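On a predicted model such as this, the values are computed, not experimentally measured, just so you know. So that the names make sense, note that chain A is the first sequence line, chain B the second, and so on, each numbered from 1.
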There are 2 protein chains.
Amino acid sequence: MTKILQRNLYREVADRIGDLIEHGELAPGERISEKQLCDRFGVSRTPLREALKVLATEGLIELLPNRGARVVRLTLKNVKDTYDLMAALEGLSGELACQYISDAEIAAIRQLHDTMLEHYRNRDLMPYFQVNRQIHESILAASNNDVLQEMYSNLSQRIKRVRYSKKMTERYWSQAVKDHENMMAALERRDSQSLGQILRDHLCNKIEVATLAGVIDTEDDKSVANS
Amino acid sequence: MTKILQRNLYREVADRIGDLIEHGELAPGERISEKQLCDRFGVSRTPLREALKVLATEGLIELLPNRGARVVRLTLKNVKDTYDLMAALEGLSGELACQYISDAEIAAIRQLHDTMLEHYRNRDLMPYFQVNRQIHESILAASNNDVLQEMYSNLSQRIKRVRYSKKMTERYWSQAVKDHENMMAALERRDSQSLGQILRDHLCNKIEVATLAGVIDTEDDKSVANS
DNA sequence: CATATGAATATTGAATTCATAATTACTTTT
DNA sequence: AAAAGTAATTATGAATTCAATATTCATATG
């Protein structure tokens with residue numbers, strides 16, 4: 001039985017704005033006009049402003065008192081900080097997963113793992129990423145820690161827009177696959193410590209940071225140029 | 001020169017409600033009446049409702065569509081999950097701190113550490129906790145990771161109200177002090193790995209969980225009894 | 001010509017009003 | 001008297017209105 005989720009208007013609006021940010025329709029640093037968005041979504045300012053407050057709390061936009069809202073501009077440091085944090089959370093998810101995961105769930109992840117290897121052999125980047133993601137999500141789910149999952153998903157949300165542009169050099173890619181081999185092994189023997197360590201050190205995240213320099217929000221966009 | 005921080009009304013209200021929750025004036029599970037709080041704070045429903053949305057995002061209350069808001073009821077699992085997460089974050093803070101901390105900052109923490117030992121020898125529980133807290137906060141600050149600090153403070157906020165009631169058995173207390181000795185040593189030789197591991201395993205959190213069973217939100221309060 | 005001052009405009013902050021859903025109280029029926 | 005149904009009340013969701021604060025633009029001044 002899936003629970004009926006009655007969506008509030010403000011939550012709907014917040015998600016929509018989140019999408020706009022993710023897809024770059026609202027540029028980093030760009031001033032967000034309430035009126036404009038009200039017209040666009042066909043809602044009044046009340047739910048829209050509630051949505052802005054929520055998005056600010058979630059770290060996607062920032063509110064300047066009496067001067068409206070703007071999309072958070074991601075700095076290299078900011079993204080790096082977020083990745084460090086996510087790596088730590090993944091480590092924890094691995095440790096916990098080892099304690100709670102069932103044989104069936106491990107088997108399912110093994111399946112995903114093998115599929116991923118197949119994609120790697122064929123150098124199918126996008127399918128590889130997709131399955132890769134599923135593996136990490138499965139481990140996260142197996143951690144049986146709701147707070148962890150909530151926090152991870154929030155962090156993930158924040159950097160989604162820079163995560164799209166991933167480039168993989170062969171060297172990093174093969175290392176990532178090796179990491180995954182070790183992960184799979186640690187998981188199958190339910191070695192909490194090992195899996196935690198591997199996931200914390202897993203290069204995926206740190207690799208990207210190296211390639212991120214090129215996609216980080218710069219000053220040369222629609223943003224207003226104030227201190 | 002310290003900049004004037006112009007606080008929004010909604011943020012002010014959110015903090016005030018947060019205090020009410022922390023100090024138990026708003027009981028767990030208790031229905032939050034908008035009108036009542038509006039009268040209490042002397043504000044209209046608009047900023048109050050914005051505050052509620054934010055508090056819900058921060059995990060302090062939950063919103064039931066068309067049925068108002070209520071204070072989140074902390075379950076044992078919920079608190080345990082949060083502690084696990086905080087332990088992981090502390091571990092990360094330790095790892096990072098080792099990379100960035102200055103000699104002066106280490107010296108300052110050493111000072112706090114020695115003060116804490118003094119309180120321990122005198123069995124002054126409250127001063128001990130206070131300094132203990134300062135030590136952890138100092139390491140967190142030295143981590144130089146804003147996102148981490150933001151997340152940690154959010155989690156801390158959520159469980160503040162059950163954290164107040166701490167009991168320390170002699171056995172756990174002495175173990176905690178030993179942990180701190182090891183922490184201090186690892187920090188002084190800037191041993192990232194060790195400090196991270198020690199902080200992740202640091203018993204403080206887990207100890208409390210054992211004693212928590214007694215202070216977790218129960219059903220027998222002002223709450224409405226619905227599923 | 002650049003900068004400063006002030007009025008006009010636009011935008012945000014907050015209160016009020018209107019609409020809708022939920023809760024309560026009351027009546028009716030069995 | 002208990003249950004069910006209906007009306008009245010109350011609370012929430014959203015739009016509108018009013019007030020305060022920025023921003024813009026024109027004008028004046030050095």
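As rounded to whole Å, 13 Å separates atom C1' of D:dA11 from atom CD of B:Q36. What separates CZ of A:R70 from P of C:dT11 is a distance of 16 Å, to the nearest Å. Summarising the geometry, the separation between NZ on B:K35 and P on D:dA11 is reported as 7 Å, rounded to the nearest angstrom. Rounded to an integer number of Å, the gap from B:L48 CG to D:dG13 C1' is 14 Å. Between the CD1 atom of A:I32 and the P atom of C:dG13 there is a distance of 12 Å, rounded to whole Å. Computed from coordinates, the A:R67 CZ to D:dA20 C1' distance equals 16 Å when rounded to whole Å. Rounded to an integer number of Å, the gap from CG of A:L64 to C1' of D:dT23 is 14 Å. Per the geometry, CG belonging to A:D39 stands 11 Å off P belonging to C:dT11, to the nearest Å.
Contact between the side-chain N/O atoms of B:R45 and the OP1/OP2 oxygens of C:dA14 is not found at any separation under 4.0 Å. At the phosphate of D:dA14, neither OP1 nor OP2 sits under 4.0 Å from any side-chain N or O atom of A:T46. Look at B:R49 and you'll find a side-chain N or O under 4.0 angstrom from OP1 or OP2 of D:dG13. B:N8 has a side-chain polar atom (N or O) that falls below the 4.0 Å cut-off from OP1 or OP2 of C:dG13.
With distances taken from any side-chain atom of B:S44 to the nucleotides C:dA15, D:dA15, C:dG13, the minimum falls on C:dA15. Minimum atom distance to the side chain of B:V43 is reached by C:dA15, of the listed C:dA15, C:dT12, C:dG13. Comparing C:dA14, D:dT12, C:dG13 by their nearest atom to the side chain of B:R31 picks out D:dT12.
Residues A:R200 and A:E95 meet the side-chain proximity criterion, which asks for heavy atoms closer than 4.5 Å.
The CZ atom of A:R158 sits 7.5 Å away from atom CG of A:L60, with the distance rounded to the nearest 0.5 Å.
Annotation for A:R110: atom CZ counts as buried by contact number, over 12 foreign heavy atoms lying within 6.0 Å.
Exactly one residue among A:I109, A:L140, A:T115 makes a side chain to side chain contact (heavy atoms under 4.5 Å, CB included) with A:I135. That residue is A:I109.
With A:N154 contributing its side chain and A:E58 its backbone, the two residues share a donor-acceptor pair below 3.5 Å.
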